[in-house]
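Note sheet for the following structure.
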Amino acid sequence: MQYSLHHLAKIALGITFLFSPDAHCFASDLRETGPQASAEQIIAAHGSAERTVLRLTFSESVDGAVAHPVLADIAETYVFVKRPDHSVLTDYALKRVITVDDSKKTFVNLSLYAEAEQRYAEAYNRRFLRQMLAKIGVNTAPPDMRNPFWAQQELGVADPADGAVDIASAPVKGGGTKFTSAGENVASFTPSDTSLSSAERAGFSRFLYGNVSLHPQIIEAVLASNAVPKELSYVTMEGGKRKSVRWTLSSVSRLTAIYPLEAGFANRLPDEDPSDPEGRAVASVLPVMLAAVSGKAPGMNSLADYNSRIDNALKQGNQFQVFLTYLEMSLQYGKGAGVCKPGQTEECHPSSVLADAVKKDSRAATLVQALAVEKSDPAKAITMEQGIDRAGVSNGYVIDDFLGNTMVDANRGQDAIPLLSNAVRGNPYLGGYYKDFGDLFRKSFRADLAWLFYDLGRELPGGSGAPVISIINGYEGFLEKKVPQFF
């Protein structure tokens with residue numbers, strides 16, 4: 001949410017905002033299914049009626065160790081995978097990934113978009129590293145740092161930007177197929193006698209992409225067999241170290257089952273875990289965010305409230321307060337908020353009021369100048385923003401948000417965290433602050449925390465109509481198009 005002089009002019013004149021298009025629609029009301037939703041709310045949103053389920057049980061062995069059981073229930077709208085230590089319910093109707101701890105009777109509820117983003121972003125990151133190594137002529141890096149196949153195998157993402165990948169297939173005894181890359185065995189499967197209907201095949205595709213580390217081309221070959229594999233093996237590599245995984249089919253059944261989330265299980269949100277400093281930062285502002293979502297946090301401002309604050313600042317001759325309040329109001333309510341329309345004289349102000357504030361107050365002028373250079377010279381912008389005297393203003397957190405964003409652009413994300421925390425605490429009803437915090441974590445490869453902020457920002461009173469929401473929606477639509485296999 002960065003503003004140049006041109007953007008500020010648009011705020012003042014109420015012309016428009018330059019936001020990404022709203023490219024998709026919500027599958028559900030996040031207030032009933034979002035990260036803070038109870039088990040009962042999620043069950044009600046999905047529906048508790050019994051559904052037809054394809055139940056598969058496998059034994060999974062890693063590097064020849066003792067195999068452990070894996071149960072998979074595959075329904076039209078969800079995939080539920082139960083392992084000895086935890087279960088994961090991926091709800092494709094609600095776009096949620098729910099990790100259940102049966103022993104503690106708790107669950108963590110994250111966005112499916114966070115899972116897709118994590119894979120998509122990591123694929124981009126691996127490609128960048130490969131290109132850098134090639135550019136500086138490093139030929140001694142492990143194979144997984146040089147051959148894009150290994151990242152694609154691990155992440156299930158094959159981007160055309162990766163270039164051509166060598167994958168060869170050959171039949172093996174028993175009707176199976178083995179796959180090699182660069183002459184090395186990387187996967188094999190043997191179909192069982194259990195064929196799949198078209199609906200089951202679609203659900204099994206979701207299961208494979210979400211739970212095994214196979215190259216998309218190999219997954220598509222498995223699906224083309226139109227049968228559940230009785231044996232499936234694959235190899236992954238990290239830092240040159242190979243890991244071999246073997247799945248062996250134990251049973252197949254078709255039955256009806258209720259939604260596999262138990263009422264009464266408690267929702268576990270990020271807490272003060274000393275091993276996760278970023279999670280601790282989130283936990284510190286989470287109470288005020290949850291209070292705002294429920295409408296119970298102090299500081300909710302209507303347009304009338306903002307205009308009243310501007311009136312008071314004008315009476316006091318506090319031009320910087322006028323300027324910051326105008327900005328805050330525009331960030332919360334969007335284009336032309338509080339600007340008088342033709343013939344309107346009450347609960348509004350002419351656009352010239354903002355321009356006058358910039359002309360008459362050096363601090364306002366400095367902030368405008370800092371925003372103008374934040375992309376070309378973030379260090380200079382940071383120095384200017386840090387030097388702004390906040391005396392006499394009640395909402396200096398508006399500056400904190402701009403400064404925090406500039407810190408993120410300057411790769412100083414840790415320094416940005418307390419600033420963005422101040423902004424959220426200053427106005428917990430402003431969805432743009434949630435998006436900015438989410439963007440920080442997305443750039444830090446913490447998609448789980450990013451979508452916590454994105455989701456809660458959309459749950460705020462009036463949040464779905466906030467100016468920045470179309471940016472979040474648009475990016476989620478982008479992910480659906482770039483990595484459709486995860487949806």
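Only a predicted model underlies this, so the values are computations on that prediction, with no experimental measurement involved.
Looking at Glu480 and Tyr113, their side chains do bring a donor and an acceptor atom within 3.5 Å of each other. Between the side chains of Thr99 and His86, not a single donor N or O lies within less than 3.5 Å of an accepting N or O. For Asp91 and Tyr259, the side-chain atoms include at least one donor-acceptor pair closer than 3.5 Å. Gln152 and His215 share a donor-acceptor pair across their side chains, judged by distance under 3.5 Å alone. Asp305 and Ser308 share no side-chain donor-acceptor pair at under 3.5 Å. There is no side-chain donor-acceptor pair under 3.5 Å between Glu374 and Asn405. If you check the side chains of Thr236 and Gln153, you find no donor sitting under 3.5 Å from an acceptor. In this model, a donor atom of one side chain and an acceptor atom of the other lie less than 3.5 Å apart for Asp439 and Tyr454.
Taking the six-membered ring wherever Trp is involved, the centroid distance between the rings of Phe478 and Tyr475 falls below 6.0 Å.
When the salt bridge (Lys or Arg N to Asp or Glu O under 4.0 Å) test is applied to Lys443, the partners found at least two apart in sequence or on another chain are Asp409.
Salt-bridge annotation for Glu347 and Lys341: absent, with no side-chain N of the basic residue lying under 4.0 Å from a carboxylate O of the acidic one. Residues Asp144 and Arg126 are not paired through a salt bridge, judged by the lack of any N-O separation under 4.0 Å between the basic side chain and the carboxylate.
Tyr326 has its side chain out of reach of Phe323: every pair of non-hydrogen atoms, C-beta onward, lies at least 4.5 Å apart.
The side-chain contact (heavy atoms from CB on, under 4.5 Å) test with His349 is passed by exactly one of Val339, Asp311, Leu354: Asp311.
Among all heavy-atom pairs drawn from Phe207 and Ala72, the shortest one is CE1-CB, 3.6 Å.
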One pair to check against side-chain contact (heavy atoms from CB on, under 4.5 Å): Ser111 and Arg96. What are the steps and the verdict?
CA-CA 5 Å; Ser111 172; Arg96 311 304 299 176; 3.8 Å; yes

